[in-house]
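Here it is, the structure in full.
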Amino acid sequence: MTRSALCRLARFVVDDPLMPDPDTLAVLRDGVIDTLGCILAGVRTEVAFKTRAAVQAMSVEGGAEVLGAKMTTSRPHAAFLNAVAGHALDFDDWELPGNTHPTVVLFPAMLAVMGTRATGRDLAQAYLAGFEVIARLGEALNFEHYDAGWHSTATFGAPAAAAACARLMGLDASETTHAMSLSISAIGGYTCQFGSNAKPVQAGFAARAGVEAACLARAGVTGQAHVLDHERGQAVLMGGLVPDRLQAALGKLGTGYALAEYGLVLKPWPSCGYTHRIMTCARRLYGRIDPTKITAIDLYVPDFHAAVLPFVQPRSIPEALFSLPFVAAMGLVNGNLTHADLTQQAWKKPMIERLIGKSRVHAFAPNQSVQNYSAKDPDRLVVTFQDGQIIEESCSFPTGAPQSPMSQSQLWEKFAANTGPVPESWVEKLRIWPELPAVSSLFCRQGEYA
């Protein structure tokens, strides 16, 4: 196997003596001198003044808190750190059609910029605005965008976060346009990074970009309004632009909210949402079968789901989150998957390891390729036993999807398991946060509920 391009580049960086000849050194010297002069000249330009003002404001306007860490930092970095933490276990919600994790980008970004006078209604409106952006971009660009390998939580999340921040900060329409435009220039994110720390970091980058872009726009920094749909813009370069589909998505603006149309998929288990239909199947068999008698486990999932679940025998928590055989084994043996299972490296337990070895993933071409989940394309779990018996379960919509929602009691049980003991008075306020006249202390004063 040939080494990857980055490995080859890294080997060069580490091993080459990097000793240029005199002529080359002279070119290098002149380049640095020239750029230094450009910096010192450019420091007096309008855009440099505006960006310095924005960065200074991001840093000195009281900062923002890192939840659960008793730490205050700059607004963009607080958004970044809170989003990374929120996405670290892949336990946060996701949505259709953007195929993103919206709240883990929107909420940290909004927390970073909201003032002490922000009401629950202000926060809810900003969230609604951000969700509208992320979902309508999804309608316009997916699944070509996601299938091309782009991590849409990052690529759609950044302009959505910029829009939410712009709403909270009171930016006008022109400034909001510039904020979203600037955020698009700041983002990337690749699905081939899944199974590593980069996945939550990419969500953090999106939240940070949204905050930075909104602050830059408020300071007067501009971007091109056509960066999304230009012939060399985001849509074309990141998977392709279908003008009619974009117009149809934009035509929905103001006619009904995307959040009402699509809802959120909440997660009962800390793993990629594409593993949850199989987990739902496995839980139906839990307690009815003897796992020690299993000789084969066949897992049938749509090809674009299988593409982001490449790990068979995981070696780390990030890989376990994207291992369909591991999740299936946990469902069959334990009927559940918890944070504790991950920290205890449950994939190394003999029974789990054995069932992982018995598992095969089968990717099929779905009938409804433009839908993440469809009744026509269920996941199937087929278990074969020593005596030749075969049991099959199928699932079209996982537990937590709008078609099969978590109950309020399940939601709060998950919350309690994630937070540990907290004051009931804080929980009672959380239950009505959209109605509260002030929410900054509710969300951002961790000393009150830690």
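Given the structure is predicted, the values throughout are model-derived calculations rather than measurements. Along the sequence shown, residues carry numbers from 1.
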(message) Just verifying a value: how many Å separate C38 SG and I33 CD1, rounded to the nearest 0.5 Å?
(response) 12.0 Å
(message) Is a donor from one side chain sitting under 3.5 angstrom from an acceptor on the other, for S323 and Q313?
(response) no
(message) Pairing donors with acceptors under 3.5 angstrom, does anything connect the side chains of T103 and D93?
(response) yes
(request) Taking the side chain as every heavy atom from C-beta outward, state whether T191 and W150 have any atom pair closer than 4.5 Å. (result) no
(request) Just say parallel, tilted or perpendicular for the rings of H230 and H226, cut-offs at 30° and 60°. (result) tilted
(message) Show the nearest heavy-atom pair for residues G86 and V104, with the distance to one decimal.
(response) C-CG2, 3.4 Å
(message) Just verifying a value: how many Å separate M110 CE and R167 CZ, rounded to the nearest 0.5 Å?
(response) 12.0 Å
(request) Identify whether NZ of Lys or CZ of Arg in K267 sits under 6.0 Å from the centre of the six-membered ring of F91 and within 45° of that ring's axis. (result) no
(message) Quick one about H276 and S271 (side-chain donor to acceptor, distance below 3.5 Å, no hydrogens or angles considered), yes or no?
(response) yes
(request) Kindly indicate whether the side chain of I352, heavy atoms from C-beta on, has any atom under 4.5 Å from the side chain of I356. (result) yes
(request) Evaluate the salt bridge (Lys or Arg N to Asp or Glu O under 4.0 Å) criterion for residues E261 and K252: first the C-alpha distance (whole Å), next the side-chain angles of each, then the deciding distance (0.1 Å), finally the verdict. (result) CA-CA 11 Å; E261 183 175 354; K252 289 186 176 182; 2.9 Å; yes
(message) How about CZ on R431, more than 12 heavy atoms from neighbouring residues, nucleotides or ligands closer than 6.0 Å, or not?
(response) yes
(message) Measuring only between side-chain heavy atoms, which start at C-beta, is C215 closer than 4.5 Å to E212?
(response) no
(message) Take a 6.0 Å sphere around OH of Y257 and say whether it holds more than 12 heavy atoms from other residues, nucleotides or ligands.
(response) no
(message) Can you tell whether the side chains of E46 and K50 come within less than 4.0 Å, N to carboxylate O?
(response) yes
(request) With the side chain counted from C-beta on, respond yes when P325 and L355 share a heavy-atom pair under 4.5 Å apart, and no when they do not. (result) no
(message) Rounded at 0.5 Å granularity, tell me how far OG1 in T155 sits from CG in L137.
(response) 8.5 Å
(message) Taking salt bridge (Lys or Arg N to Asp or Glu O under 4.0 Å) as the definition, give me every residue that meets it alongside R315, ordered by chain and number, with sequence neighbours left out.
(response) E319
(request) Measure from NZ or CZ of R277 to the centre of the six-membered ring of Y274 and say whether it is under 6.0 Å with the direction within 45° of the ring axis. (result) no
(message) Check whether E435 reaches the backbone of I432 with its side chain - one donor and one acceptor, N or O, closer than 3.5 Å.
(response) no
(message) Are the side chains of L436 and R121 in contact, using a 4.5 Å heavy-atom criterion?
(response) no
(request) Spell out, as yes or no, whether a donor-acceptor pair under 3.5 Å connects the side chain of H178 to the backbone of A213. (result) no
(request) Decide if atom CG of D172 counts as having more than 12 heavy atoms of other residues, nucleotides or ligands within a radius under 6.0 Å. (result) yes
(message) The test is side-chain contact (heavy atoms from CB on, under 4.5 Å); show your working for F156 and H145 and say whether it passes.
(response) CA-CA 10 Å; F156 299 163; H145 181 83; 3.5 Å; yes
(request) Check step by step if side-chain hydrogen bond (donor to acceptor under 3.5 Å, both in side chains) holds for Y262 and E139. (result) CA-CA 11 Å; Y262 294 106; E139 287 181 340; 2.4 Å; yes
(request) Report yes if the side chains of Q202 and Y190 come closer than 4.5 Å at any heavy-atom pair, otherwise no. (result) yes
(message) Rounded to the nearest 0.5 Å, what separates atom CD in Q345 from atom CG in D341?
(response) 12.0 Å
(message) Is any side-chain heavy atom of F107 closer than 4.5 Å to one of Y127?
(response) no
(request) Compare all side-chain heavy atoms of L299 with those of D379 and state whether any distance is below 4.5 angstrom. (result) no
(message) What's the separation between atom CD1 in I278 and atom CG in L381, rounded to the nearest 0.5 Å?
(response) 5.5 Å
(request) State which residue, out of T280, N336, T275, fulfils the side-chain hydrogen bond (donor to acceptor under 3.5 Å, both in side chains) condition with W269. (result) N336
(request) State whether a side-chain donor-acceptor pair under 3.5 Å links N372 with H305. (result) yes
(request) Would you check if the distance from the ring center of F322 to the ring center of F311 is below 6.0 Å? (result) no
(message) Does this structure show an ion pair linking R245 with E144, if we count only N-O contacts that are shorter than 4.0 Å?
(response) yes
(message) Taking F415's backbone N and O only, do any of them form a donor-acceptor pair with T419's side chain (distance below 3.5 Å, no angle check)?
(response) yes
(message) Measuring centre to centre across the rings, with the benzene-like ring taken for any Trp, is Y146 within less than 6.0 Å of F304?
(response) no
(request) Look up atom CG in L67 and atom CG in N82, then write down how far apart they are to the nearest 0.5 Å. (result) 4.0 Å
(message) Can you classify the ring geometry of W94 versus H101 as parallel (below 30°), tilted (30 to 60°) or perpendicular (above 60°)?
(response) tilted
(message) Other residues, nucleotides and ligands only: do more than 12 of their heavy atoms fall within 6.0 Å of NZ on K414?
(response) yes
